[in-house]
Amino acid sequence: MLSKEFPGGILVLTGANSATGLRSMPARYIFLDEVDAYPASADEEGDPVTLAEARTTTFSHRRKVFMVSTPTIRGLSRIEREFEASDKRRYFVPCPHCGAMQWLQFDRLRWDKGRPDTAAYHCEGCEKPIAEHHKTQMLERGEWRATAVSADPHSIGFHISALYSPLGWKSWQQIAREWLAAQGSEEMLRVARNTLLGETWVESGDAPEWQRLAERREAYGGTQVPVGGLFLTAGVDVQKDRIEVDVWAWGRGLESWLVDHIVIAGGPDDPACWDKLTALLGRTWACANGAVMLIGKLAIDTGYEAPAVYAWARKQGFDQVAPIKGLEGFNRATPVSGPTFVDATIGGKRLRRGARLWSVATATFKTETYRFLRLERPSDEDRALGVLDAPGTVHLPDWIDTEWLKQLVAEQLVTVRNKRGYAHPEWQKMRERNEALDARVYARAAAWIMGADRWDEATWRRLEAQAGVETRLAPPVTTTEPAPPTQPKAGTPTTPRRKRRAYTPNFMRD
Ligand SMILES: [Zn+2]
């Protein structure tokens with residue numbers, strides 16, 4: 001199924017996650033599809049694009065490598081990096097009125113306020129509106145033109161957006177409509193930018209101010225799991241003299257609540273310290289309805305004292321515990337990879353491949369966390385009308401102190417130039433202590449490892465049933481119209497069916 005012979009050659013298909021497949025044979029032509037969706041590493045053997053490209057070396061100047069992709073996030077996007085290094089060809093089309101050759105740009109698509117049906121393209125030469133029906137002829141008379149000189153004359157790049165969609169695919173009106181529909185949601189705007197315009201999304205790296213977070217702290221009952229929290233993860237930061245544990249509850253759309261903050265004094269050398277951490281694995285947190293929850297997955301950093309962490313994790317079992325290693329850099333298509341098997345030393349005995357280790361691209365989750373922290377909250381008025389918090393909203397309890405808040409916003413995304421002059425985004429500490437941010441990133445990684453980013457509706461409903469939470473409906477599209485009277489109030493807990501029963505959802509098992 002994965003190879004087709006034809007007169008003059010053979011076509012071999014392989015996955016970007018398979019190092020063996022990518023290494024299998026020399027190839028003169030390589031077509032890499034959707035490169036922005038590739039994992040950072042194929043079977044831990046390195047960048048899949050580099051692995052694939054190495055197949056062509058024996059063909060030297062007769063080889064061809066063709067990469068195609070919808071772009072994703074600025075700084076993470078492979079295709080954007082490739083395009084930037086190319087001669088950046090754009091498709092130039094003539095204006096039907098004045099003949100000026102131009103490439104189509106989104107800001108020249110204009111419509112009357114709130115009237116996407118009036119959308120027309122405005123010529124950059126004569127400023128006259130161009131109607132949709134001219135498009136077919138414009139495309140026929142167009143041509144690719146380079147807009148830059150590439151450092152490597154053999155590298156050519158092409159960019160095309162939905163503005164060029166032929167008749168019957170996607171009209172300019174439709175693009176205007178989809179763009180309007182995406183307003184107000186950062187996530188939908190990102191998708192629109194990526195898929196309609198073929199442009200990368202620029203993540204904002206400004207840390208929210210801790211004072212603003214302090215004002216937003218909420219009273220949700222001590223260390224109780226709030227309504228809407230459907231499972232718990234813990235992020236554990238190991239320091240020389242203490243172990244810090246943050247327990248987060250997660251709900252639909254990765255809405256999250258800080259549920260507990262525990263500092264265990266002592267360090268990785270102190271057995272009592274590990275015993276206290278072990279005890280947390282059996283501890284339960286109460287839900288509003290009387291049910292109790294265990295930590296679904298605890299992610300622990302191996303950066304400071306890896307052997308001690310491996311030994312402890314092996315003893316607990318990898319169902320509930322995930323040792324993790326933070327990876328620097330933004331150039332990763334998947335935020336978590338692994339697990340890989342690493343050696344562990346138990347009681348002085350070395351066990352080959354005795355422990356598991358997950359690699360976490362911390363930059364990705366830091367960016368996400370700050371984006372989530374910046375989300376607008378519904379006003380009390382909107383709330384009364386049934387408007388829910390946006391997916392991703394981060395809730396902080398009233399008992400958390402300002403030092404913790406300052407740690408959470410301790411970093412900033414800055415643009416750094418390397419020795420060769422290439423600019424890339426990088427997270428940098430603005431103050432010495434940042435454990436709260438690290439622990440949050442680990443807890444988020446734990447949610448990813450559990451699969452929360454890929455669960456289907458049935459899984460969320462099962463979790464809601466287990467937590468005794470009514471299914472939360474999507475927020476109404478507008479915030480000005482009252483919700484229909486039949487809509488249940490957001491997140492209203494139902495009568496608990498069972499009381500005081502600790503549960504670990506069965507899909508947590510690996
Ligand atoms: Zn014109």
Side-chain angles (χ1 to χ4, degrees), residues 34-36 66-75 77-186 188-202 204 423:
E34 287 298 344
V35 291
D36 272 20
F66 182 37
M67 284 180 225
V68 177
S69 194
T70 297
T72 50
I73 291 168
R74 169 90 31 105
S77 173
R78 291 175 199 274
I79 200 71
E80 186 173 60
R81 253 194 335 271
E82 295 292 338
F83 184 71
E84 287 299 320
S86 77
D87 63 354
K88 300 190 191 182
R89 295 183 194 194
R90 306 268 187 181
Y91 197 65
F92 283 68
V93 291
C95 167
H97 309 301
C98 71
M101 291 296 277
Q102 58 203 291
W103 64 274
L104 302 181
Q105 303 184 47
F106 182 63
D107 61 359
R108 300 220 138 254
L109 183 66
R110 290 167 197 162
W111 56 88
D112 299 341
K113 201 174 173 356
R115 294 279 312 277
D117 55 304
T118 62
Y121 193 87
H122 288 249
C123 169
E124 66 177 45
C126 65
E127 293 291 337
K128 279 191 194 146
I130 302 170
E132 182 82 25
H133 66 85
H134 290 294
K135 210 202 260 173
T136 305
Q137 206 175 51
M138 291 164 76
L139 292 177
E140 276 168 11
R141 297 179 182 172
E143 65 186 23
W144 289 102
R145 291 184 185 174
T147 64
V149 180
S150 62
D152 173 0
H154 296 293
S155 173
I156 61 175
F158 304 86
H159 181 276
I160 197 106
S161 73
L163 290 169
Y164 291 92
S165 289
L167 201 65
W169 288 24
K170 190 160 283 200
S171 66
W172 287 335
Q173 282 182 25
Q174 238 170 310
I175 292 171
R177 216 172 293 130
E178 286 179 27
W179 185 257
L180 282 174
Q183 300 307 305
S185 155
E186 213 170 337
M188 282 170 71
L189 275 173
R190 182 180 67 74
V191 172
R193 232 187 118 73
N194 290 163
T195 60
L196 291 178
L197 311 187
E199 303 281 352
T200 49
W201 174 257
V202 182
S204 164

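One-based numbering, in listed order, for ligands and for the atoms of each. Side chains are part of it too, since the values below use all heavy atoms of this structure and drop only hydrogens, waters and symmetry mates. Owing to the predicted nature of the structure, the values given are computational and were not obtained by experimental measurement. All residue numbers refer to positions in the sequence shown, counting from 1.
When the shell of 6.0 Å around CZ of R110 is examined, it contains more than 12 heavy atoms from other residues, nucleotides or ligands. Heavy atoms from other residues, nucleotides or ligands lying under 6.0 Å from CG of L189 number more than 12.
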Which is it for H159 and R90 under the side-chain hydrogen bond (donor to acceptor under 3.5 Å, both in side chains) test, yes or no, and what are the steps along the way?
-> CA-CA 6 Å; H159 181 276; R90 306 268 187 181; 3.1 Å; yes
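Taking the six-membered ring where tryptophan is involved, the planes of W144 and F158 are perpendicular, since the angle between them exceeds 60° and thus also 30°.
When distances to the Zn ion (ligand 1) are checked against a cut-off of 2.8 Å, H97 contributes no N, O or S atom below that limit.
With the Zn ion (ligand 1) as the vertex, atom SG of C126 and atom SG of C123 span an angle of 110° (nearest 10 degrees). For the pair SG of C98 and SG of C95, the angle whose vertex sits at the Zn ion (ligand 1) is 110° to 10 degrees.
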